[in-house]
Number of protein chains: 2
Amino acid sequence: MKRTRTIKADVTEATGGGTQSIERALGLLLDVGRADQHGARLTDLVTSSGLAKPTARRALGALVRAGLLDQDETSRRYHLGAESYVLGMLAAPRFGIHARAIDGLTRLSQATGDTAFLSVRRDLHIVCLHREEGPFPIRSHVLQAGDRHPLGIGAGSLAVLAALPDDEVDRVIAANTGIIQEKYPAYSPASLRSAVMRTRKEGYALNPGLLMKGSWGIGVAVCDPQGRPVYAVSLAAIEDRLDETRRRELIPMLKLEAEKLERLLRDAPT
Amino acid sequence: MKRTRTIKADVTEATGGGTQSIERALGLLLDVGRADQHGARLTDLVTSSGLAKPTARRALGALVRAGLLDQDETSRRYHLGAESYVLGMLAAPRFGIHARAIDGLTRLSQATGDTAFLSVRRDLHIVCLHREEGPFPIRSHVLQAGDRHPLGIGAGSLAVLAALPDDEVDRVIAANTGIIQEKYPAYSPASLRSAVMRTRKEGYALNPGLLMKGSWGIGVAVCDPQGRPVYAVSLAAIEDRLDETRRRELIPMLKLEAEKLERLLRDAPT
DNA sequence: ATTGGGAAGTCCATATAGTGGACCATATAA
DNA sequence: TTATATGGTCCACTATATGGACTTCCCAAT
């Protein structure tokens, strides 16, 4: 007897089986990416991934053989490899706003003195793509290129979350609740929801030092031609430099740069 | 009875077992990377990889879920995803010569009118990282960013091969013999060896239309501080524009840019 | 020297996780 | 309508990845 197909092949979803080792390996690849700068050690990767050591090492070996990772011969640390770089260059035309966004970030950081960021949305998270420091001597290093946080955590991230439709805001918060409770004690699903409201009302996102006391941030979302938020432009500074008065000066500048990026997204084909 | 360990743990090598699915998946990832621009279709990936369709699809699914690939909802083609781009950006500081090399390529292409290339060595192959077109209206499109050829095939590639020590030249040619016989009818191991000699004698590599009749190229290698060739700078033009006389003008310009890059490699830390 | 601890790397019996032949669904062409 | 080509899926079977336990290496402290 034939099984009745209840959902008659909606789209493709629910595949997902039979890919354990691949997903583990890709997880390791992204982990190493996050740890670049100094490289990742086998033991750390083992603990952070929860894999058994032989398993992790075999996967890392495959990644190294593929050229996506390099292993330092003496320190034995894993770094991103040339193939990762090449891949990124090949992907660049499809995400090419980055290159042209750097100008804007530089303008912002020079004009304000503070540090400007470009972040990109990755489903439930946001990833910091670029950090451009301004001349002001006290600089927050809370957000680095490559850092990843749940949507809503941090100024740019909150700007993106608030720009999503309500049902997706709920979905995202629900999906991230576990991580938030575990790693972001200053946040809660409820506080996120009210932050979203505030962001929509004010027209910009504010992070009043919730990730690190004293390190404040403001951010706005950049939407694609379909109106979905994909990037965020944000600024970080110490609390004193982001009081209400100064924010009123800075927000128009942020919005201006965000609009320029939206125009680029509209014009760029691909 | 204990098995005697003949090679007492020289370095780590010969691991390699227990990674089939990972290597298959990574192969697919790189395949898609090569096919970007237009995206890769499932069927093509199946044939190019030799995998069974369900296997390929499962692996691609995992890559999509990890964000390394995107699948176009309507065309069903696979493209590089945001995570690939992020990875590349994170790897950029370690391979950052690229960004600073573009200036040099632009200078070259403007000064000569022809198309300038930056390529990077990946073990037995060379990968074209960047292509900068000059104003001259007849332009060869034989080499594109992302294209990969065995070492020795093409001008930049030959420059790198010729800059390797003899034993490695032999190793590379031996390892590539199969691919060369299969896909590059104008080449042979013997012709490669004599091309290497010619390159060393003349001080630059010449490709007299061996990949595509009429499309000539000249190239020089860029070596890291240890003297190992890692990049190549090259120029492509139609045969008429690369006669002996003009080559004598162009080669010093290429060498100048190559030396600038070597200086960057020396000064840049990591 | 000697010891100890931490990290990298390795082995192999086990069963879990991936495989692929066969099939279905949908889209465009004839 | 049939033909053909492509994307997507099922599931029995076994090839394949797994991980506990082990060895080797390195360095710092005794």
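Throughout, a chain's letter reflects where its sequence line sits, starting with A, and its residues are numbered from 1.
Using a 4.0 Å cut-off between charged side-chain N and carboxylate O, B:Glu262 and B:Arg228 make no salt bridge. Using a 4.0 Å cut-off between charged side-chain N and carboxylate O, B:Glu83 and A:Arg148 make a salt bridge.
Separating the CZ atom of B:Arg58 from the P atom of C:dG18 is a distance of 8 Å, rounded to the nearest angstrom. Note: CG (B:Leu60) to P (D:dT6) measures 16 Å, nearest angstrom. Residue A:Arg76 contributes atom CZ, which lies 10 Å from atom P of D:dC26 at whole-angstrom precision. We find that CD1 of B:Ile22 is positioned 11 Å from P of C:dT19, with the value rounded to whole Å.
The side chain of B:Arg57 approaches D:dT9 more closely than any other nucleotide in the set C:dG18, C:dA8, D:dT9. Of the candidate nucleotides C:dG9, D:dG19, C:dA8, D:dG19 has the atom lying nearest to any side-chain atom of A:Ala52. With distances taken from any side-chain atom of A:Pro54 to the nucleotides D:dA17, C:dG18, D:dG20, the minimum falls on D:dG20. The side chain of A:Thr43 lies closest to C:dA8 when the candidates are D:dG8, D:dT16, C:dA8. Between C:dG9, C:dA17, C:dT19, one nucleotide has an atom nearer to the side chain of B:Ser21 than all others, and that is C:dT19.
OP1 or OP2 of C:dG9 lies within a sub-4.0 Å distance of a side-chain N or O belonging to A:Gln71.
Remark: the B:Lys53 side chain and the D:dG8 base include a donor-acceptor N/O pair separated by less than 3.5 Å.
B:Arg77 comes within 4.0 angstrom of no nucleic acid atom, judged by non-hydrogen atoms across all strands.
Two residues are said to be in side-chain contact when any heavy atoms from C-beta on lie closer than 4.5 Å; B:Val86 and A:Leu30 fail this criterion. Between A:Tyr78 and A:Leu42, some side-chain heavy-atom pair lies under the 4.5 Å cut-off.
In terms of position along DNA chain C, the nucleotide closest to A:Arg41 lies nearer the 5' end than the nucleotide closest to the other residue of the pair A:Arg41 and B:Leu51.
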